[in-house]
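Keep in mind it's a predicted model, so treat the numbers as computed, not measured.
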Amino acid sequence: MTADRVLHLLRAPAASPAAAHGRGPPRPQRVGLPPVKRRVGVACSSSTEEEGMTYKGAGVDIDAGSELVRRIRKMAPWIGGFGGILPHKDEYLVFSVDGVGTKLKLAFETGIHDTIGIDLVAMSVNDILTSGAKPLVFSDYYATGKLDVDLAEKVIKGILDGCEQSGCNLIGGETAEMPGFYAEGEYDLGGFAMGVVDKDKLINGKNIVEGDILIGLPSNGVHSNGFSLVRRVLDKSGLSLTDQFPGNDGKTTTVGETLMTPTIIYVKQVLEIISKGGVKGLAHITGGGFTDNIPRVFPSGLGAKIFTGSWEVPPVFKWLQHVGKIEDAEMMRTFNMGVGMVLVVSKEAADRIIEQSSPAYRVGEVIQGKGVHYV
């Protein structure tokens, strides 16, 4: 059953009063961005203009997150991949749960709510894709202080759009109305996806060897990570969300529209590539960028050499780095920098995959060692 046929999925009531409503209403037309106040240029409180902005200075400590994962793995040593894997007969079930972070803050400010659901689906289905799994089902959690049915309808329709793009079914969800917990007009989202892959087709990186090639599939912008830093840079810039985005290769899009561009869902493209052979590992480039995500797919003793300049960096990243005076290393550990998915492939398959997947970039190779090295 395709996602656009899921028309009557009931949402379970929460402990506090909640609304239950059907799924799949006609898509509301997006309205123009509402008037917003021009932002006043400010310096990030934890970094000076000379020092440059950082993700940690914006309030997100990647090292603390990594430490939490390390501690959790001491209690549950089987975790650590992009998706959780459960054996089931001749297959593996692959699970992922995620949200969209503080990109939601920009959704509230711009009034663009009909694509944030695509981001929600993308974050989970792209993760389970790294195991070679085909997404089957998706479920969501929508929480708000006071339910605005029209707004929630836009969000859910975006989730349905994301499910259609990824070929999975929206099977239900939870709507929680929690007075006093969220600011007026705000909400939070969570999403859960499950996929399946045959046991003999699981992609786990174990066969990766020195000399294998890294191929990058392009992103279309910031996707859904790094927005705590994005928002600090935006504050410093003094630009309004309704201003034209500067240096955008002649495209007439506003700052808000540029930053709210929904995350690419790579499912159909990548499953097609996998079906033709040669793919040994996959890394979804989210929070942590190249630096933290690519090593997650390597066997012990292997690292990556990245050829900087081998792919096209979208204007939004150049703007963020210029305005925020962000160091190169910080950019590569915070943002996707124009590459949303990295494939680790054999030398023999590399040219064929690049040719058949255009646009795709040869962004690096596997080396002996540890971590990611930029050349």
Side-chain angles (χ1 to χ4, degrees), residues 44-47 51-85 94-106 116 119-131 141 143 188-193 204-205 219 221-234 259 263 281-298 300 303-304 306 317 320-321 324 326-337 339-342 370-374:
C44 187
S45 59
S46 53
S47 61
E51 292 173 344
M53 292 183 172
T54 66
Y55 206 15
K56 186 174 182 178
V60 179
D61 189 340
I62 294 176
D63 292 327
S66 298
E67 172 62 16
L68 177 59
V69 171
R70 186 190 69 80
R71 295 186 187 186
I72 294 173
R73 291 192 73 176
K74 291 176 67 175
M75 300 180 283
W78 51 87
I79 73 163
F82 287 95
I85 298 176
V94 186
F95 304 87
S96 180
V97 60
D98 214 330
V100 293
T102 58
K103 188 172 186 176
L104 284 172
K105 286 288 189 181
L106 292 184
I116 199 71
D119 291 302
L120 184 67
V121 175
M123 295 305 292
S124 287
V125 298
N126 285 343
D127 272 357
I128 66 175
L129 179 62
T130 63
S131 297
Y141 174 75
D188 199 7
L189 295 173
F192 170 85
N204 55 21
S219 72
V222 186
H223 282 185
S224 300
N225 292 96
F227 274 87
S228 295
L229 182 53
V230 168
R231 288 165 47 237
R232 289 294 184 94
V233 173
L234 182 57
L259 296 176
T263 306
L282 292 142
H284 184 200
I285 308 303
T286 56
F290 275 53
T291 304
D292 286 0
N293 284 297
I294 293 176
R296 295 171 65 181
V297 305
F298 291 157
S300 178
I306 299 297
F317 297 111
L320 287 167
Q321 184 168 24
I326 305 170
E327 297 290 338
D328 289 346
E330 188 71 16
M331 293 292 294
M332 297 302 296
R333 200 186 180 204
T334 303
F335 301 113
N336 67 63
M337 296 301 291
V339 174
M341 185 73 71
V342 170
K370 185 179 179 180
V372 176
H373 306 269
Y374 298 97

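Rounding to the nearest 0.5 Å gives a distance of 12.5 Å between CG of L282 and CD1 of I128. Taking CG of N126 as the start and CG of D98 as the end, the distance is 10.0 Å to the nearest 0.5 Å. Annotation: the span from L106 atom CG to L259 atom CG amounts to 6.0 Å, rounded to 0.5 Å. Considering CE of M75 and CD1 of I72, their distance stands at 6.0 Å, rounded to 0.5 Å. To the nearest 0.5 Å, the span separating OG on S219 from CE on M341 amounts to 11.5 Å. In this structure, NE2 on H284 lies 7.0 Å from NE2 on H223, to the nearest 0.5 angstrom.
At least one side-chain heavy atom of L320 sits less than 4.5 Å from a side-chain heavy atom of F335. For the pair V233/I326, a side-chain contact is recorded, criterion being any heavy-atom separation below 4.5 Å from C-beta on. Put simply, the side chain of V297 reaches to within 4.5 Å of the side chain of F82, judged on heavy atoms. Between M337 and I285 there is no side-chain heavy-atom pair separated by less than 4.5 Å. Put simply, the side chain of Y141 does not reach to within 4.5 Å of the side chain of D188, judged on heavy atoms. Here the side chains of I306 and I294 are in contact, with some heavy-atom distance below 4.5 Å. Counting heavy atoms from C-beta on, the side chains of S131 and I85 come closer than 4.5 Å. The closest side-chain heavy-atom distance from Y55 to D61 is not below 4.5 Å.
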What's the verdict on side chain to side chain contact (heavy atoms under 4.5 Å, CB included) for I116 and L189, showing C-alpha distance, side-chain angles and the deciding distance? CA-CA 9 Å; I116 199 71; L189 295 173; 4.0 Å; yes
Would V222 and F227 count as a side chain to side chain contact (heavy atoms under 4.5 Å, CB included) here? Give the steps. CA-CA 8 Å; V222 186; F227 274 87; 3.6 Å; yes
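Using modelled atom types, one side-chain atom of N336 and one backbone atom of G221 make a donor-acceptor pair closer than 3.5 Å. In terms of modelled atom types and a separation under 3.5 Å, the side chain of N293 and the main chain of G287 share a donor-acceptor contact. At distances below 3.5 Å, not a single donor-acceptor pair connects side-chain atoms of Q321 with backbone N or O atoms of M331. A donor-acceptor distance shorter than 3.5 angstrom exists from the side chain of T54 to the backbone of G57, with no hydrogens or angles considered.
For R333 and F290, the positive end is not near the middle of the six-membered ring at less than 6.0 Å and at most 45° from its axis.
A side-chain donor-acceptor contact under 3.5 Å links S224 and D119.
M53 approaches E330 most closely through the heavy-atom pair O-CG, 4.2 Å. Between G191 and L120, the shortest heavy-atom contact is N-CD1, 3.6 Å. Closest approach of A58 to R232, counting heavy atoms only: CB-CG, 3.8 Å.
A salt bridge is absent between R70 and D63; no separation between the charged side-chain nitrogens and carboxylate oxygens falls under 4.0 Å.
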